[in-house]
Amino acid sequence: MTAATTARPAIRMVDLVAAELTKIRSLPATWIALAVAVVANAALGFIAATDVIRLAGDSSPTSVTEIGTLMLAPVYAYLAIAVFAAGSEYRGGQLRLSLAAVPGRGRFLTAKLLATLAASLVAAVLVVLPNLLLRGALGDLGRHLVAYLLLALIGYGLAFVVRTVVTPIAVLCAFPILISSTLGGLWPEAVRLLPHEAALSLLGMPADPATALSPVAGLLFLAAWAAGSVATAWILVTRRDV
């Protein structure tokens with residue numbers, strides 16, 4: 001019997017991606033995050049469309065559509081889908097099993113990334129559409145999907161870097177809640193480059209004129225954060241994790 005006849009057939013990339021999608025769908029956190037994000041975004045869209053609730057402002061009540069940080073808040077539930085897709089690999093020795101089943105860490109990471117992108121894209125459409133439909137703003141669908149996906153990739157990469165699911169969500173939530181609000185008036189040049197502020201600029205609803213970028217600049221900085229996060233995760237998984 002020759003080596004050619006005994007060699008194990010190569011696993012197709014489409015099968016690897018399908019396996020990773022199955023893992024993502026099997027996580028309860030995926031469905032919880034999706035449900036929370038959809039309900040929160042739909043509720044914000046209803047409030048914005050009907051203007052039934054206004055928040056206190058400096059001189060007069062402010063519509064929720066004018067508060068970019070609030071309108072973007074559901075993304076932090078949504079991005080948990082990508083965070084759990086990556087971070088769950090470090091529970092119960094799952095990563096060891098995944099790497100043993102897939103010949104080559106590069107193929108595993110490629111399949112994982114493609115599956116996470118696919119799941120995140122479908123989820124982003126479900127999360128974003130109700131809000132935009134209620135507000136009559138379907139023209140903004142493209143940039144909302146891009147902002148959501150890039151923020152999800154940042155969380156995805158961070159989950160691989162820190163090998164947990166809690167820290168990436170906590171860090172990304174800390175940007176608008178703690179860092180931006182604390183340093184926005186003192187160091188706006190740096191704050192505007194943070195992921196949250198870049199996403200708000202991309203969506204055309206910056207939290208503060210002092211931290212605003214053009215939509216194109218917001219896209220570029222957000223994409224740079226996502227690329228850096230994913231690249232760092234790739235390097236660490238291929239060289240550190242066993």
Give, for atom [atom1] of [X] and atom [atom2] of [Y], the distance between the pair rounded to the nearest 0.5 Å.
X      : Y      : atom1 : atom2 : answer
Thr116 : Leu121 : OG1   : CG    : 12.5 Å
Leu158 : Ile169 : CG    : CD1   : 10.5 Å
Leu79  : Leu172 : CG    : CG    : 6.0 Å
Ser120 : Leu151 : OG    : CG    : 11.0 Å
Phe160 : Tyr90  : CZ    : OH    : 5.5 Å
Leu114 : Leu117 : CG    : CG    : 6.5 Å

Exercise. If you count the non-hydrogen atoms of other residues, nucleotides and ligands that lie under 6.0 Å from CZ in Phe175, is the total more than 12?
Worked result: yes
So, [X] side chain and [Y] main chain: donor-acceptor pair closer than 3.5 Å or not?
X      : Y      : answer
Arg105 : Leu99  : no
Ser229 : Trp225 : no
Thr211 : Asp208 : yes
Thr30  : Arg25  : no
Ser214 : Ala217 : yes

For a quick test of reading the model, state the closest non-hydrogen atom pair linking [X] to [Y] and the distance between them.
X      : Y      : result
Glu189 : Leu193 : O-CG, 3.6 Å
Pro28  : Ser26  : CD-O, 3.4 Å
Val38  : Leu126 : CG2-O, 3.8 Å
Pro215 : Leu202 : O-CD1, 3.7 Å
Ser88  : Gln94  : O-CB, 3.8 Å
Ala159 : Val83  : CB-O, 3.6 Å

Is there a path of hydrophobic side-chain contacts, each under 4.5 Å between heavy atoms of I, L, V, M, F, W or Y residues, that connects [X] with [Y]?
X      : Y      : result
Tyr78  : Trp31  : yes
Ile47  : Val39  : no
Leu222 : Leu149 : yes
Leu194 : Leu213 : no
Val146 : Val127 : yes

For this session: Go through the structure and list residues passing side-chain contact (heavy atoms from CB on, under 4.5 Å) with Ala42, not counting sequence neighbours.
Result: Pro130
Problem set entry | Ser201 and Glu197: side chain donor to acceptor below 3.5 Å |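 Looking only at side-chain atoms, Glu197 and Ser201 do not form any donor-acceptor pair under 3.5 Å.
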Problem set entry | Partners passing side-chain hydrogen bond (donor to acceptor under 3.5 Å, both in side chains) against Arg143 (at least two apart in sequence or in another chain) | Asp140
Problem set entry | Partner set under side-chain hydrogen bond (donor to acceptor under 3.5 Å, both in side chains) for Thr50, not counting sequence neighbours |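 Residues passing side-chain hydrogen bond (donor to acceptor under 3.5 Å, both in side chains) with Thr50: none at all.
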Exercise. For residues 145-158, which residue pairs qualify under side-chain hydrogen bond (donor to acceptor under 3.5 Å, both in side chains), counting only residues two or more places apart or in two chains?
Worked result: Asn41-Tyr148
Exercise. So do Leu150 and Leu219 actually touch side chain to side chain, heavy atoms under 4.5 Å?
Worked result: yes
For this session: Kindly indicate whether the side chain of Thr232, heavy atoms from C-beta on, has any atom under 4.5 Å from the side chain of Ile235.
Result: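 No. Closest side-chain heavy atoms not under 4.5 Å.
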For this session: Evaluate side-chain contact (heavy atoms from CB on, under 4.5 Å) for Leu236 paired with Arg163, printing each intermediate quantity in order.
Result: CA-CA 10 Å; Leu236 290 177; Arg163 297 187 280 194; over 6 Å; no
For this session: Can you run down the salt bridge (Lys or Arg N to Asp or Glu O under 4.0 Å) pairs that involve residues 107-120, sequence neighbours left out, and say none if there aren't any?
Result: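 Applying salt bridge (Lys or Arg N to Asp or Glu O under 4.0 Å) to every pair that reaches into residues 107-120, excluding sequence neighbours, yields Glu20-Lys112, Glu89-Lys112.
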Which atom pairs, donor and acceptor, lie under 3.5 Å between side-chain atoms of residues 68-76 and protein residues at least two apart or in another chain?
{"from": "Thr69", "atom 1": "OG1", "to": "His196", "atom 2": "NE2", "distance (Å)": "3.4"}
{"from": "Tyr76", "atom 1": "OH", "to": "His196", "atom 2": "ND1", "distance (Å)": "2.7"}

